[in-house]
Each structure stands twice: as C-alpha cells, then as structure tokens.
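Okay, structure first, notes after.
By convention here, the first residue in the shown sequence is residue 1. Because the structure is a prediction, the values reported are computed rather than measured.
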Amino acid sequence: MKRLSFRLKSFLAAYFTVVLIIAVIFFGTSLFGAPQIVAPLCEFKEIPAGETARQKISVQNPTSQPLQLIGAMVPCTLCGCATTKGLPVTIPPGQSESFFVLFKATTAGEFKTEIKLYTDNPEQTIVQLQVRGTVKQGTTNQ
C-alpha cells in the first residue's frame, strides 16, 4: 500500500510539473505581461499665447509584430488645444517611428493633459502620452 502511495505522489508531482511548464510556455506573456508600448513625455517649455508649438514624438515598438498607431484622442485644456500630425503610422518590430504633437496656445498658464494613442495591438489598444508645458503671456505690439 505504501508503494502505491509513493507512485501516486510521484505521478502527481510529475503531472503538475509538466502542466506548469506548458502553461509557462504557452501563456508566458499572459502570466508575466507582454512587452509594453510606452510613449515618452511630450513637454513644451514656454509657448507664447497665440502661437502653435510643435514637438516630435518617437514611439518604439518592442513587440515582435508590426504596430500601427491608428489615431489619437486629443483633449483641450484651459491654456489651449493639442493636435497630432503624421498619424496613422506603422512601426516595424523592434524599431521606432515619429509623429508630431502640436499645441495651439491660447491662455497663459501651466497645462497638463493626456493624449490617447490608439493602436492595432490587441494586448494594448491604448497608449497614454503625457503632454505638459507652460503658456506665457503673448507680447503686444503698440
């Protein structure tokens, strides 16, 4: 009877070891997370009110598949509105591509907002792009 118990324990230990190895191999990205697409900070220094500033943004594709940045949802702030130029863009695996963020400054003050970049990656359909800066009072010509 003891011998059967030992064989049963050995079989169960081997069975669960194999199941765990298979789970790690096939579901590794689910268990440990897929590579994340990260957008850099978009920081505008001092923009004179009434002017539009432009910032080049590079996004790297850390995945093994081509990645398409399809478009963006761009909010306005009390200081002005942001827009994007150069989307959609396709980024090959392991490489980076660029697009532009434009900010039309209207009112003096500091601003901080997020642009949502939409992707075709089912693991990460939205990438957050932080945008911040300062709008300074525009000069008046008299």
Original post:
How close do P92 and E97 get, heavy atom to heavy atom, and via which atoms?
Top reply: CD-OE2, 4.1 Å

Subject >> Distance-minimising heavy-atom pair for D120 and P66 >> reply: OD1-O, 4.3 Å

Subject >> Least distance between heavy atoms, Q137 atom then A108 atom >> reply: OE1-CB, 3.5 Å

Original post:
Rounded to the nearest 0.5 Å, how far apart are CD of E123 and OG1 of T125?
Top reply: 10.0 Å

Subject >> From CE (M73) to CD (E114), nearest 0.5 Å >> reply: 9.5 Å

Subject >> N/O donor-acceptor pair under 3.5 Å between T119 side chain and Q68 backbone >> reply: no

Original post:
Pick one: which of V89, T90, N121, V127 meets side chain to side chain contact (heavy atoms under 4.5 Å, CB included) with L67?
Top reply: N121

**OP:** Specify the closest pair of heavy atoms between A82 and V101, including all atoms of both residues, with the distance to one decimal.
**Re:** CB-CG1, 4.5 Å

Subject >> Residue among I115, L41, I57 satisfying side chain to side chain contact (heavy atoms under 4.5 Å, CB included) with V131 >> reply: I115

Original post:
Does any non-hydrogen side-chain atom of V74 lie less than 4.5 Å from one of T84?
Top reply: yes

**OP:** Would you mind reporting whether Q128 and K116 have side-chain heavy atoms less than 4.5 Å apart?
**Re:** yes

**OP:** Using atom types as modelled and distance alone, determine if a side-chain donor or acceptor of N61 lies under 3.5 Å from a backbone N or O of S96.
**Re:** no

Original post:
Which heavy atom in T106 sits nearest to a heavy atom in L78, and how many Å separate them?
Top reply: OG1-O, 4.0 Å

Original post:
Would a 4.5 Å heavy-atom cut-off, applied to side chains only, mark R132 and E110 as touching?
Top reply: no

Subject >> Donor-acceptor contact below 3.5 Å, side chain Q130 vs main chain C42 >> reply: no

Subject >> Atom pair CZ (R54) and OG1 (T52), whose distance is rounded to the nearest 0.5 Å >> reply: 11.0 Å

Original post:
What pair of heavy atoms forms the shortest contact from A105 to P48, and how long is it?
Top reply: CB-O, 3.7 Å

Original post:
With a 3.5 Å cut-off and no angle check, do the side chains of S58 and S98 form a donor-acceptor pair?
Top reply: yes

Subject >> CG (L87) with more than 12 external heavy atoms under 6.0 Å >> reply: yes

**OP:** State, yes or no, whether a side-chain contact exists between V135 and T107 at a heavy-atom distance under 4.5 Å.
**Re:** no

Subject >> Trace of the side-chain contact (heavy atoms from CB on, under 4.5 Å) decision for L117 with I126 >> reply: CA-CA 6 Å; L117 300 172; I126 296 175; over 6 Å; no

Original post:
In Å and rounded to the nearest 0.5 Å, what is the CG to CD1 distance from L69 to I37?
Top reply: 7.5 Å

Original post:
Under 30°, 30 to 60°, or over 60°: which ring-plane class applies to F103 and F111, parallel, tilted or perpendicular?
Top reply: parallel

Original post:
Do the side chains of Q55 and F44 get nearer than 4.5 Å, heavy atoms only?
Top reply: yes

